[in-house]
Each structure stands twice: as structure tokens, then as C-alpha cells.
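See below for the structure under consideration.
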2 protein chains.
Amino acid sequence: MSTSTENYHHGSLRDALLKEGIAALEGDKGKEPSLRELARRVGVSATAVYRHFPDKQALNRALAREGSKLLGNAQKKAADTAPDLPTKFALTGRAYVRFALAHPVLFRLMFTQGEPVESGEEGPDPARELLTDITCKLSATREEAERLALQAWSIAHGIAMLMLDGRIPADDKFIDHLLDTGSLFPFQGRSSEESP
Amino acid sequence: MSTSTENYHHGSLRDALLKEGIAALEGDKGKEPSLRELARRVGVSATAVYRHFPDKQALNRALAREGSKLLGNAQKKAADTAPDLPTKFALTGRAYVRFALAHPVLFRLMFTQGEPVESGEEGPDPARELLTDITCKLSATREEAERLALQAWSIAHGIAMLMLDGRIPADDKFIDHLLDTGSLFPFQGRSSEESP
DNA sequence: ACCTCTATGTTTACGGTGTTCACTTTAGGC
DNA sequence: GCCTAAAGTGAACACCGTAAACATAGAGGT
């Protein structure tokens, strides 16, 4: 009984906290759980958390990194279903916004608590890598690729945020309507259809 | 001595709270002040606040509305310096992002605490009105105008948020670089220069 | 002029939070 | 089989938002 769960001593508390933390963030409530609440859920005293994270912010950062992985996977999966690059590009953006709507609290946390731009340190953001990877193949110059990537990111992020904040109807069709920037990205045709 | 400040009994507490609240949000700290802290600053007991706002969220909403006015003014001022519509459009977007960078906490509050999309009720958002006003004149159909407005809003908002969250360098030149969406909006030329 | 009534502000209190500190337990290496 | 360092505990502190009961002052009718 020392393999995984059940016996927190030695081993699993940190993972258990992350797992329960993510689960809590997915919960219907629009609020992130408190440190104490989280400890309660996992059946441990509040202060035990401090054996694994220096403070709540560190916990949140870990959760945010977990979320980045999830987002990266979602986008990768979306991109893999696309036949050509332009479609990959479009589906990637759509997956981004959909992820935000599907995990609102986690998504917010990812950007509120994330690392402060000095990219190097932590594991590289997979979502960002995928994006620049695509735009590099789509653009002539490296400069244009970077600009394209950041502009696309901005649009998707803006749509996601405005929808999360209730400023724009969070409608699935509406996502596509807004993401279809027509002439902005010349390669982006009216080709691909809705995926299920 | 009953005209304005000095004697809170009868009159000015609500306004004083809003004023001090905005001031606190502008303060260097990246954190919104607590209810109690705010009351302390204004020299009143914590519970006195509840005579003017049902709860903290209501106070925040009032502050958010105040912020919207400020943003609206900033954009209007920016738009007024522009000779033609396309330039108005461009400068409006730029003013939006710059406002966010200049008042990060307030800007966040405006969208975190704002009314839930059912526009009607409160005073109409001046910034949004200005934007749709411009895009209506720029687009042929009403539909295209609305789409243009929301797409432009999304880009600006995305840039603002990503910069606030430290995902993108919050550089002044960079704002223009990203906001220049080239062919997206055909009318948008390379005409206008930097404003002081 | 008085008395009253209501709007405004105060004190006290409760449950919740993040975090610190001194302590106990426990698992694994010698 | 000890012993030590890692892992978990409980009490305590300073905050927070909010509720309830109380205090006061100022306007307005009589």
C-alpha cells in the first residue's frame, strides 16, 4: 500500500494536491479554492502544504504549469486533425478559445500566476511553441512569422478573455465568426469545415 | 463646512470612497486594496462602507464604472486628434492598450467585476459606443461593422492582457507593431504618425 | 423650541484566510 | 535496531469580508 495513493507519508501529497487542485478549478464554482479548503479535500492539515510549496502562489504556479500542458495537448490534438497548414493554424486558434471556455478558472490562473515573461527558466510553453512552429512555415521571413504569431495569439486571447468576462456572447459559432479574420492572413481560406 | 469634504456625516463618504479607491488602484502595488484598508485610508470604520455599498463587489463595480468613464475619455481624446476615420480607428485602439498599461489594476477590475453582458441596465459603455460608431462609418453593412468592431476590440484587449500578464513585452513601439494589422482592415494605411 | 425619525457611523463579534512556529511522527539508511 | 531528516500536526497571529446591535447627529414637522 505504499505504491501510490492511500498513504500520503512519503510520496504522493504533492501530486495529490495538484490533482485535487485541478479538479477544484474545474468545479462549477467560478472561484479558486483556498489553501485550507484544498488541504481539507485531500485530507491533510493546512500547514502540510508548506512541506511541498513555499506559499500559495507557488502552488498556483504549479497548477498554472499543469494547465499549460493541458492547453498544449488540446491544441496539438486540434492541429493534428487538420490536413494543411492554414487549417492547422485556424483550428489551433479555435482550440485555444474553446479551452478557455471549458476551463475558465484554470485559464485565468494560467495567466494571472504565470512566470513573468523571462521565458527561459521553466519548461517551455508548448502552446506557444506549436504556434510559432506553424507561423514559421506560413511566413516568408522570421520577422513576419513572429508578428503573425503574436497577432494571432492576441486575437484568440482577446476573444477568450472577453467571452470569459461576459463582454461577448460565449457562443461556439461566434468564436469562428470572430476568428475568421478573412484578409488578415491571406492563406486562411474558407476551406475547412466544422470539426465535431 | 458642510459643503464637500471634512465632515463625512451627510454627504461625501461615498464619493470619498470612490476617490480613494481609484487612487489606491493607481498606487504602485499590483493589488487592489481591502475594504478595511480603504475605510482606514478614508478615516472611517470598516463597516461604515456598508451604508453606501451592499458589499465589496458593489464597491468594485462602482470603481469599474468609474474606470470605464476614464477609458472612454482617453479614447475620445485620442480619436479627436485624428484627421480621418482610419486614423481615428487606429488611435482608438492604441489608446485602449495604453490605458490598460497605465492603469493595470483598474483595467483588470473593470473586466473582472463588470456587468454580465446584458448591456441595457447601467449607463452605456462609452468606449464601446465610440468604437461601433467608428466602425459603422467604415463598413458597408451593419453586420460587417459589428464584426469589425468586435475583432478590433479583441485584438486590442488581447494585446493589453498579454502585456499586463507579462507574456509580451509591454513596449510602446510594440503596441503599434502588433496593432498594425496591415491588410486586415483595408482602409488602415501607413499614413498617420506617432502622436506625442 | 422641541421631539422624533431616519440616515449615517461605531463597536463588537464570527467565521474564513494565508502563514509561522514549535511539536510529533514516520520511513529508510547506517 | 537506532537515529536522523523528511513529512505532517495543532495552536497562534494578523488579516479579511460581513452581520448585528448600538450611538448620534441633523432635518423636518408640530
Side-chain angles (χ1 to χ4, degrees), chain A residues 1-25 27-64 105-106 108-109 112-114, chain B residues 1-25 27-64 105-106 108-109 112-114:
Chain A
M1 67 273 298
S2 66
T3 48
S4 58
T5 76
E6 189 89 41
N7 183 5
Y8 287 140
H9 241 239
H10 243 208
S12 48
L13 213 202
R14 189 191 152 102
D15 292 351
L17 281 173
L18 288 184
K19 197 168 113 182
E20 194 65 30
I22 297 260
L25 289 178
D28 37 2
K29 305 133 198 356
K31 199 70 200 117
E32 65 176 278
S34 70
L35 220 167
R36 292 172 107 110
E37 164 83 10
L38 205 54
R40 239 173 271 135
R41 283 211 211 192
V42 99
V44 97
S45 84
T47 56
V49 179
Y50 288 83
R51 296 296 150 189
H52 300 271
F53 301 96
D55 55 12
K56 188 193 164 99
Q57 211 195 155
L59 207 207
N60 281 344
R61 254 178 292 144
L63 287 174
V105 196
L106 177 58
R108 275 209 160 86
L109 196 71
T112 296
Q113 309 282 343
Chain B
M1 69 270 298
S2 64
T3 48
S4 57
T5 77
E6 189 85 43
N7 182 4
Y8 286 143
H9 240 242
H10 246 206
S12 48
L13 214 202
R14 189 192 153 102
D15 291 351
L17 282 173
L18 287 184
K19 198 169 112 183
E20 194 66 31
I22 297 260
L25 288 178
D28 38 0
K29 305 131 197 358
K31 198 73 199 112
E32 64 176 280
S34 70
L35 221 166
R36 292 172 108 110
E37 164 82 10
L38 204 54
R40 239 174 273 136
R41 284 210 211 191
V42 98
V44 96
S45 84
T47 57
V49 179
Y50 288 84
R51 296 297 149 187
H52 301 271
F53 301 96
D55 55 12
K56 188 194 165 96
Q57 210 196 155
L59 207 207
N60 281 344
R61 254 177 291 145
L63 286 174
V105 197
L106 177 58
R108 274 209 159 87
L109 196 72
T112 297
Q113 309 281 343

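Chain letters run A, B, ... following the sequence lines, proteins first and then strands; every chain starts at 1. Quick note: numbers below take in every heavy atom, side chains included, and nothing from hydrogens, waters or symmetry partners.
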Taking for each residue the nucleotide of DNA chain D with the nearest heavy atom, is it A:Arg36 or A:Val49 whose nucleotide lies nearer the 5' end?
-> A:Val49
Which nucleotide in C:dG9, C:dT19, D:dG17 has an atom nearest any side-chain atom of A:Lys56 | C:dT19
Please give, in whole Å, the distance from C:dG9 P to B:Leu17 CG?
-> 9 Å
Of the nucleotides D:dT9, C:dG9, C:dT19, which has the atom closest to the B:Val44 side chain?
-> C:dG9
Any side-chain heavy-atom pair of A:Leu35 and A:Phe53 under 4.5 Å = no
Any B:His52 side-chain nitrogen or oxygen under 4.0 Å from OP1 or OP2 of C:dG9 | yes
Is B:Arg40 near enough to D:dC16 that one of its side-chain N or O atoms lies under 4.0 angstrom from OP1 or OP2?
-> yes
Kindly indicate whether the side chain of B:Ser45 and the base of C:dT11 share any N or O donor-acceptor pair separated by less than 3.5 Å?
-> no
Value in whole Å for how far the P atom of D:dT18 lies from CZ of B:Phe53 = 13 Å
Side-chain touch A:Glu32/A:Leu25, heavy atoms, less than 4.5 angstrom | yes
Value in whole Å for how far the P atom of D:dA7 lies from CG of A:Asp15 = 12 Å
For B:Ser34, answer base if it contacts any base atom (sugar-phosphate contacts may also be present), sugar-phosphate if it contacts only those atoms, and nothing otherwise; contact means non-hydrogen atoms under 4.0 Å.
-> sugar-phosphate
Quick one: A:Arg41 CZ to C:dT17 P, roughly how many Å, whole number?
-> 12 Å
Go through the steps for B:Arg51 and B:Leu13 under the test side-chain contact (heavy atoms from CB on, under 4.5 Å), then give the verdict.
-> CA-CA 9 Å; B:Arg51 296 297 149 187; B:Leu13 214 202; 6.0 Å; no
Consider the side chain of A:Leu35, meaning its heavy atoms from C-beta on, and name the nucleotide among C:dG18, D:dC16, D:dG17 that approaches it most closely.
-> C:dG18
Between P of D:dA21 and OH of B:Tyr50, the distance in whole Å | 17 Å
Look only at the side chain of B:Ser34 and the backbone of B:Glu37, and say whether a donor-acceptor pair between them is shorter than 3.5 Å.
-> yes
Can you tell me how far P of D:dG26 sits from CG of B:Leu13, to the nearest Å?
-> 15 Å
With a 4.5 Å limit on heavy-atom distance, are the side chains of A:Leu38 and A:Val49 in contact?
-> no
Closest of C:dG9, D:dG8, D:dA19 to the B:Arg51 side chain is C:dG9
May I have the distance from B:Asn60 (atom CG) to D:dT18 (atom C1'), rounded to whole angstrom?
-> 15 Å
Atom CG of B:Leu38 to atom P of D:dC16: distance rounded to whole Å?
-> 11 Å
